[in-house]
Visitor: 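Dumping the structure here so I can ask a few things about it.
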Amino acid sequence: MLQQTQVKTVVPYYEAFMERFPDVESLAAAPLEDVLSRWSGLGYYRRARQLHAAAVAVVERGGFPTSSAELESLPGIGPYTAAAVASMAFGEAVPVLDGNVERLLCRRLALAEDPKRSAVRRRLLQEAAQLLSLQRPGDSNQAMMELGALVCRPQQPACDTCPLSQGCRGRELGAEQFPPPRKRRNVERSRLAVVVAERQGSVLLFKRSSNEALMAGLWELPTIPLHTKETMEQSLAATYGGAWSIGSLEQVVRHSITHRSLQLVVHRGTFTAGDSVAEGPEATWADARARENLALSSMVAKSLRSYERAMQERAAEADVGLRRVKKLMEAPAGSPRNGR
DNA sequence: GAGTCGTGGCA
DNA sequence: TTGCCAAGACT
């Protein structure tokens with residue numbers, strides 16, 4: 001969970017996850033669907049699949065591997081995670097190199113090169129090994145990561161309070177210039193139509209196939225690109241089968257996925273199953289309770305919240321209108337109206 | 001080696 | 001509003 005994700009974000013997911021899957025056996029025995037649903041909203045869903053696969057592998061081999069080399073053979077466990085687990089759980093003297101330590105060491109060595117390059121990486125690992133406490137490698141690794149996160153932070157590093165400022169070459173030259181800024185990628189912008197089809201309090205969802213690159217295996221609201229020659233109804237039928245009609249209600253929701261910036265136009269719509277529906281992706285009608293146990297992305301959850309808010313506002317307006325009408329009808333016939 | 005994958009916080 | 005980035009791994 002902590003891979004590329006901040007601790008603060010992870011904590012609530014971690015606690016709920018551990019309650020649902022208290023040990024490796026329960027995780028291995030659980031359907032992937034359940035694992036994904038507990039991962040909903042955390043992102044990088046491949047991690048959930050790999051964690052599940054790793055649990056299966058651990059149970060099959062009869063226990064956890066205890067060396068960093070063996071750990072790294074498990075799905076989803078790379079150099080960082082293998083070193084972190086091996087050092088913290090099993091006391092192996094291997095250094096971790098996460099984003100924080102990487103930055104700290106680049107500054108310490110005043111390396112003005114891209115730390116992702118393998119040659120630079122080797123140099124950083126060598127330095128990390130030098131600094132590692134062989135008596136307490138787990139604590140030592142955690143201390144380095146904390147130091148990077150809290151003291152040798154990306155902007156405005158607190159060099160004055162740094163316990164490693166002694167041998168730091170970057171401090172003299174201006175720590176902030178190391179490592180060099182990454183090449184930035186251009187953001188791809190797009191507009192999508194998202195359709196909420198309601199039926200007796202349930203919403204129509206489709207399952208993304210497991211080999212999709214993006215959010216594989218998660219449930220999605222029917223979604224189509226905007227600005228096509230086809231009408232929305234045609235696009236929806238082609239993608240999801242059935243027959244569609246689109247209502248007037250629409251809400252705009254913004255969402256960003258790594259290098260993409262999405263404008264989601266959430267529509268209300270209706271869906272009628274036709275002969276072609278069997279050819280579309282797996283579908284389900286899910287009410288609010290059912291949705292709790294489905295794997296939804298944050299993008300879908302956000303769209304649904306926006307839709308529900310809009311519907312509540314519309315209902316409130318309708319209620320006010322109804323009261324006005326009632327009031328008029330209750331007034332004595334032929335009585336003068338306001339302002340006349 | 002470079003591209004990709006989600007999301008939320010923050011400046 | 002926009003861009004950057006985080007306890008990375010995999011293709």
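Numbered from 1 within each chain, the chains take letters A, B, ... in sequence-line order.
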Visitor: Taking the P atom in each of C/dA7 and B/dC10, what is the distance between them to the nearest angstrom?
Guide: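 Approximately 13 Å lies between the P atom of C/dA7 and that of B/dC10.
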Visitor: Determine whether the side chains of A/Tyr307 and A/Glu198 contain a donor N or O and an acceptor N or O closer than 3.5 Å.
Guide: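 There is such a pair between these side chains.
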Visitor: Quick check: are there more than 12 heavy atoms from other residues, nucleotides or ligands sitting under 6.0 Å from CZ of A/Phe90?
Guide: yes
Visitor: Any side-chain N or O of A/Arg189 less than 4.0 Å from the OP1 or OP2 oxygen of C/dG3?
Guide: yes
Visitor: Does a nitrogen or oxygen in the side chain of A/Arg182 sit under 4.0 Å from OP1 or OP2 of C/dA6?
Guide: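 The answer is yes; a side-chain N or O of A/Arg182 sits under 4.0 Å from OP1 or OP2.
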Visitor: Pull out every residue in residues 81-98 of chain A that has a heavy atom closer than 4.0 Å to any atom of DNA chain C, ordered by number, or say none.
Guide: A/Thr81, A/Asp98
Visitor: May I ask you to verify if any side-chain N or O of A/Gln3 is less than 4.0 angstrom from the OP1 or OP2 atom of C/dA9?
Guide: yes
Visitor: A/Ser118 or A/Lys8: which one's nearest nucleotide on DNA chain B is closer to the 5' end?
Guide: A/Ser118
Visitor: When only distance counts, do a donor and an acceptor, one from the side chain of A/Arg46 and one from the base of C/dA9, lie under 3.5 Å apart?
Guide: yes
Visitor: Distance-only, no hydrogens or angles: does the A/Asn141 side chain make a donor-acceptor pair with backbone N or O of A/Val96 under 3.5 Å?
Guide: yes
Visitor: A/Leu2 side chain: which of C/dC10, C/dT2, C/dA7 is closest?
Guide: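 So the nucleotide nearest the side chain must be C/dA7.
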Visitor: Between A/Arg254 and A/Thr258, which is nearer to the 5' end of DNA chain C once each is assigned its nearest nucleotide?
Guide: A/Arg254
Visitor: Between which nucleotides of DNA chain B, 5' to 3', does chain A make heavy-atom contacts below 4.0 Å?
Guide: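 Nucleotide range with atoms under 4.0 Å of chain A: B/dG1 to B/dG8.
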Visitor: Which is true for A/Pro181 with a 4.0 Å heavy-atom rule: it touches a base, it touches only sugar-phosphate, or it touches nothing?
Guide: nothing
Visitor: Over all strands shown, is A/Met215 touching base, sugar-phosphate only, or nothing at heavy-atom distances under 4.0 angstrom?
Guide: sugar-phosphate
Visitor: Could you tell me whether the phosphate oxygens of C/dA9, OP1 or OP2, come under 4.0 Å of any side-chain nitrogen or oxygen in A/Arg47?
Guide: no
